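Some notes on the structure that comes next.
These numbers come from a predicted model, not from an experiment.
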Amino acid sequence: MAITAPVVDGKITDLTASSESLSSTTKSSNSTLDKDAFLQLLVAQMKYQDPLEPTSNTEYISQFATFSELEEMQNMSSAMDLSRASGLVGQQVIMKVTSESTGETTYEDGKVDYVVYENGKAYLSIGGSLYSLDDLDTVADKDYLDAYALATEFATAINALPTVGNLTSSYADGLANLREVYDDMTAYQKTFIASDLYKKFQEYETKMTDLLKTDASNFTAAISALPAVDELTTDYEQKLKDLRTEYDKMPTTLKTAIGDDTLNKLKEYETKMAELLGTTTA
């Protein structure tokens with residue numbers, strides 16, 4: 001190990017550096033100032049001391065005691081870090097990681113699978129990657145993280161919708177799915193949904209109910225506007241094709257609103273048209 005402390009007038013200076021500066025040196029060099037390091041420093045001090053004013057034994061002992069105390073403090077700090085890290089095994093955590101190359105800060109979350117302890121530092125294994133205990137940002141209950149993630153997804157889906165005034169029935173299935181998601185939430189998970197957001201969601205549902213009634217009524221009216229099945233002619237071939245295409249593109253929720261009676265009526269017209277054209281329906 002290299003001697004890094006300066007020698008002035010045959011004495012090693014700055015031997016009583018603060019534990020904070022020692023910790024900083026330890027972090028950068030991945031080593032600790034233990035008793036072996038002290039012995040090297042002691043030998044250097046004895047080698048370069050002034051023969052006319054030698055350092056007293058009392059001073060040597062004092063310096064040794066200082067290093068011993070620092071070493072004990074470092075050992076205690078390391079033991080506390082290991083104990084703290086070990087207690088995180090099985091816990092859900094969020095790590096705040098800053099890239100050394102770009103300086104960009106990212107957040108990684110997951111369950112701590114195990115702890116690795118090396119070079120005086122504790123590392124948490126999360127999702128197959130190791131993270132320094134120093135990067136620990138948040139320790140959270142899994143139910144909390146699940147509820148938070150669910151609420152975030154719900155809010156994102158709501159905010160992705162057009163304004164209520166521009167809503168169309170094509171969003172019917174999406175809103176229906178959101179209703180299922182919300183109804184399946186536990187009481188605890190629902191507390192993560194802001195009241196204003198839920199009120200906005202209800203406004204969308206109210207608007208969608210009106211749209212479905214209007215679109216279902218218009219489609220039913222288009223079927224009713226056709227002549228009686230027995231009076232159907234080939235002139236209505238394209239009209240029936242358009243109605244079928246329109247129906248097939250409808251969201252499931254709108255098809256449900258239209259009902260089976262109207263669909264069966266459309267099928268009767270299609271069967272009759274196939275007879276008129278000499279073809280068969282699928």
What are the two closest non-hydrogen atoms of [X] and [Y], and how far apart are they?
| X | Y | result |
| --- | --- | --- |
| A216 | L254 | N-CD1, 3.9 Å |
| D113 | G127 | OD2-N, 3.8 Å |
| Y131 | E108 | OH-CG, 3.7 Å |
| L212 | A172 | CD2-CB, 4.0 Å |

In Å, rounded to the nearest 0.5 Å, how long is the span from [atom1] of [X] to [atom2] of [Y]?
| X | Y | atom1 | atom2 | result |
| --- | --- | --- | --- | --- |
| T163 | K200 | OG1 | NZ | 9.0 Å |
| E268 | I223 | CD | CD1 | 10.5 Å |
| K207 | N166 | NZ | CG | 9.0 Å |
| E180 | L175 | CD | CG | 11.5 Å |
| L150 | M185 | CG | CE | 3.5 Å |
| I158 | I193 | CD1 | CD1 | 8.5 Å |

(request) For the pair F154 and F201, name the ring-plane relationship: parallel under 30°, tilted 30 to 60°, perpendicular over 60°. (result)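 F154 vs F201 ring planes: perpendicular.
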Are [X] and [Y] connected, step by step, through hydrophobic side chains (Ile, Leu, Val, Met, Phe, Trp, Tyr) whose heavy atoms are closer than 4.5 Å?
| X | Y | answer |
| --- | --- | --- |
| I126 | L145 | no |
| L124 | V89 | yes |
| Y247 | M273 | yes |

(message) List the residues meeting ring pair (Phe, Tyr, Trp, His ring centres under 6.0 Å) with Y107, not counting sequence neighbours, and say none if there are none.
(response)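 With neighbours one apart ignored, the set is empty.
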(message) Can you list everything that forms a ring pair (Phe, Tyr, Trp, His ring centres under 6.0 Å) with Y144? Sequence neighbours excluded, please.
(response) F192
Does the side chain of [Y] come within less than 4.5 Å of [X]'s, by heavy atoms?
| X | Y | value |
| --- | --- | --- |
| E246 | L243 | yes |
| T138 | D109 | no |
| Y269 | K272 | no |
| I258 | L263 | no |

For [X], what residues pass the side chain to side chain donor-acceptor pair (under 3.5 Å) criterion, not counting sequence neighbours?
| X | result |
| --- | --- |
| D248 | R244 |
| E275 | none |
| D137 | none |
| S195 | none |

(request) Indicate whether the side chain of D242 and that of Q238 have a donor and an acceptor atom separated by less than 3.5 Å. (result)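 Yes, Q238 and D242 have a side-chain donor paired with an acceptor closer than 3.5 Å.
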(request) Give every residue pair that meets the side-chain hydrogen bond (donor to acceptor under 3.5 Å, both in side chains) criterion with at least one member in residues 224-236, sequence neighbours excluded. (result) none
(message) Show me the pairs that pass side-chain hydrogen bond (donor to acceptor under 3.5 Å, both in side chains) and involve residues 169-179, at least two apart or across chains.
(response)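 Every pair satisfying side-chain hydrogen bond (donor to acceptor under 3.5 Å, both in side chains) with a residue in residues 169-179: T168-S170, S169-D215, D173-T253, R179-D183, R179-Y198, R179-E205.
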(request) Taking side chain to side chain contact (heavy atoms under 4.5 Å, CB included) as the test, write out the residues that go with T186, two or more places apart. (result)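 Result, side chain to side chain contact (heavy atoms under 4.5 Å, CB included) vs T186: Y188, Q189.
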(message) S132: which residues meet the side chain to side chain contact (heavy atoms under 4.5 Å, CB included) condition with it, sequence neighbours left out?
(response)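 Applying side chain to side chain contact (heavy atoms under 4.5 Å, CB included) to S132 gives K121, Y123, D134, D135.
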(request) Can you tell me which residue pairs pass the salt bridge (charged side-chain N to carboxylate O under 4.0 Å, His left out) test with a partner in residues 254-266, sequence neighbours excluded? (result)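 Residue pairs with at least one partner in residues 254-266: there are none.
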Return a table of donor-acceptor pairs under 3.5 angstrom between the side chains of residues 90-104 and protein atoms on other chains or two or more places apart.
residue : atom : partner : partner atom : Å
T98     : OG1  : T105    : OG1          : 3.3
S99     : OG   : S101    : N            : 3.3
S99     : OG   : S101    : OG           : 3.0
S99     : OG   : T102    : N            : 3.3
S99     : OG   : T102    : OG1          : 3.2
T102    : OG1  : E104    : N            : 3.2

(request) Determine, for K241 against E237, whether the closest basic-nitrogen to carboxylate-oxygen distance falls under 4.0 angstrom. (result)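 Judged by the 4.0 Å cut-off on N to carboxylate O distance, K241 and E237 do form a salt bridge.
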